[in-house]
> 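Sharing a structure here in structure tokens format.
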Amino acid sequence: MQPSDYESLTPTQAIAYQHELRKLINITPLDKPIKVIAGADISFNKYSDIVYAGIVLFSYPDLKIIGQSTAISKTTFPYISGLLAFREVPALLDAWNKLSDKPDVLVLDGQGIAHKRRLGIATHFGLIAHTPTIGSAKSRLTGKYEEPGDEQFAQSPMYDKGELIGVALRSKKKCNPIYISPGNMVSMEQSVEIIKNCIRGYRIPEPTRQAHLLVNKIRIESGENNNMQFNLFD
DNA sequence: GCGACAG
DNA sequence: ATCTTGTCGC
């Protein structure tokens, strides 16, 4: 199975593939010290199948931008909750392959193992790219948790079927929490610690935040949507 | 059957 | 995710 084949999968086949990948998940601690971290994200125009992917590289823990890569491609796989990876991973992998140097760990915008089949986009990407990943999501997909306190870095464990699958983290006071979970090749504790070290005054961790700014920038610059003010619909 | 539902 | 201005709270 190759990411380029995802578009031909039916949702049922995609789920079957997730069950296969699940057997390969490994969230033992990363022993190598982190020197380089990266954030990845996707952007696209409403009603368009053109996907803009980007990855931003940072030194760690000082978080200075040291590189980036982008990729533009089409996706035909629709957005289906629980199957996000089949829509976004192909483009992200293109950007990943263009990267001159690979990071010690990659932060994805979405869940890691905090997924019903433990296959959020961060876990999925980590498994096929054979690289350490962390999932940092803006909203919950699966799991029960108590609302964390309002102090910065207050956190609360997320459980599913009696299993610890993630942590709801108050990255900023007066803001909704973000949901952290290991993708692959990183432990739960390390994932939370690393993300905490990446908060720079905003709710969203810097790697993801910068990747988001980058992909929106290349999307706007592409001019793909320049004639939309005259669209009869919408 | 009903509610939930990453981006 | 994207479309979008103002506006309420700290």
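What's counted below: heavy atoms across the whole structure, side chains too, no hydrogens, waters or symmetry copies.
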> Whenever both distances are under 3.5 Å in a Watson-Crick or G-U wobble pair, mark it; put DNA chain C into dot-bracket that way, with [ ] for crossing pairs and | when the partner is on another strand.
..........
> Are Arg140(A) and dA6(B) close enough that a side-chain N or O sits under 4.0 Å from OP1 or OP2?
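No, outside the criterion.
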> In whole angstroms, how far is the C1' atom of dC5(B) from the CG atom of Leu119(A)?
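The distance from CG of Leu119(A) to C1' of dC5(B) comes to 17 Å, rounded to the nearest Å.
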> Could you tell me how far apart Phe125(A) (CZ) and dA6(B) (C1') are, to the nearest whole angstrom?
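One finds 17 Å between C1' of dA6(B) and CZ of Phe125(A), rounded.
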> Test your reading of the model: is there a side-chain donor-acceptor pair from Arg203(A) to the backbone of Pro177(A), 3.5 Å cut-off?
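A pair under 3.5 Å: yes.
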> Applying a 4.0 Å non-hydrogen cut-off, can you work out what Asp150(A) is touching in the nucleic acid: base, sugar-phosphate, or nothing?
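Contact class for Asp150(A): none.
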> I need the NZ-C1' distance between Lys138(A) and dG7(B), as an integer number of Å.
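In whole Å, dG7(B) C1' and Lys138(A) NZ are 6 Å from each other.
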> Could you state the atom-to-atom distance from CG of Leu83(A) to C1' of dA1(C) in whole Å?
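After rounding, the gap between these two atoms is 16 Å.
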> Are any of the side-chain nitrogens in Glu20(A) or Arg117(A) under 4.0 Å away from the carboxylate oxygens of its partner?
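Salt bridge between Glu20(A) and Arg117(A), a charged N being under 4.0 Å from a carboxylate O: no.
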> Step by step, work out the side-chain contact (heavy atoms from CB on, under 4.5 Å) result for Lys74(A) and Glu7(A).
CA-CA 10 Å; Lys74(A) 287 190 178 184; Glu7(A) 58 181 280; over 6 Å; no
> Without decimals, in angstroms, what is the distance between Asp49(A) CG and dG7(B) C1'?
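Checked: the CG to C1' distance equals 16 Å.
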> Does His212(A) have a side-chain nitrogen or oxygen under 4.0 Å from the phosphate oxygens OP1 or OP2 of dA1(C)?
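Checking dA1(C) against His212(A), a side-chain N or O does come within under 4.0 Å of OP1 or OP2.
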> Looking only at atom types and distance, does a side-chain atom of Asp104(A) sit under 3.5 Å from a main-chain N or O of Val36(A), one as donor and one as acceptor?
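Yes; at least one donor-acceptor contact below 3.5 Å.
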> Round to a whole Å and report the spacing from NZ of Lys144(A) to P of dA4(B).
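Distance check: Lys144(A) NZ to dA4(B) P gives 14 Å.
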> Would you say CD of Glu221(A) has more than 12 non-hydrogen atoms from neighbouring residues, nucleotides or ligands within 6.0 angstrom?
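More than 12 within 6.0 Å, yes.
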> Quickly work out the Gln111(A) CD to dA6(B) P distance and round it to whole Å.
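Rounding to the nearest Å, CD of Gln111(A) and P of dA6(B) are 8 Å apart.
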> So what does Gly82(A) hit on the nucleic acid, given a heavy-atom distance under 4.0 Å: a base, only sugar-phosphate, or nothing?
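Answer is base: heavy atoms of Gly82(A) come under 4.0 Å of a base.
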> So does Asn225(A) get a side-chain nitrogen or oxygen closer than 4.0 Å to the phosphate oxygens (OP1/OP2) of dT2(C)?
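Looking at the OP1 and OP2 atoms of dT2(C), neither is under 4.0 Å from any side-chain N or O of Asn225(A).
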> Compute the centroid of each ring, for Phe77(A) and then for Phe86(A), and state whether the two points are separated by less than 6.0 Å.
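Judged by ring-centre distance (under 6.0 Å), Phe77(A) and Phe86(A) do meet the cut-off.
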> Would you kindly say whether Thr208(A) and Asp109(A) are connected by a side-chain donor-acceptor distance under 3.5 Å?
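No, Asp109(A) and Thr208(A) have no side-chain donor paired with an acceptor closer than 3.5 Å.
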> With a 4.0 Å cut-off on heavy atoms, is Ser43(A) in touch with a base, just the backbone sugar-phosphate, or nothing at all?
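Sugar-phosphate contact only - Ser43(A) comes under 4.0 Å of backbone atoms but never of a base.
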> Examine dA4(B): is either OP1 or OP2 under 4.0 Å from a nitrogen or oxygen in the side chain of Ser81(A)? Give yes or no.
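Checking dA4(B) against Ser81(A), no side-chain N or O comes under 4.0 Å of OP1 or OP2.
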> For Lys174(A) and Asp109(A), find the nucleotide of DNA chain C closest to each by heavy atoms; which residue's nucleotide sits nearer the 5' end?
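The 5'-side residue here is Asp109(A).
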> Can you tell me if Arg117(A) touches the phosphate of dA6(B), counting only side-chain N or O atoms and a distance under 4.0 Å to OP1 or OP2?
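For Arg117(A), the contact criterion (side-chain N or O under 4.0 Å from OP1 or OP2 of dA6(B)) is not met.
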> Calculate the interatomic distance between Tyr79(A) atom OH and dA1(C) atom C1'; express it in whole Å.
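Rounded to the whole Å, the gap is 9 Å.
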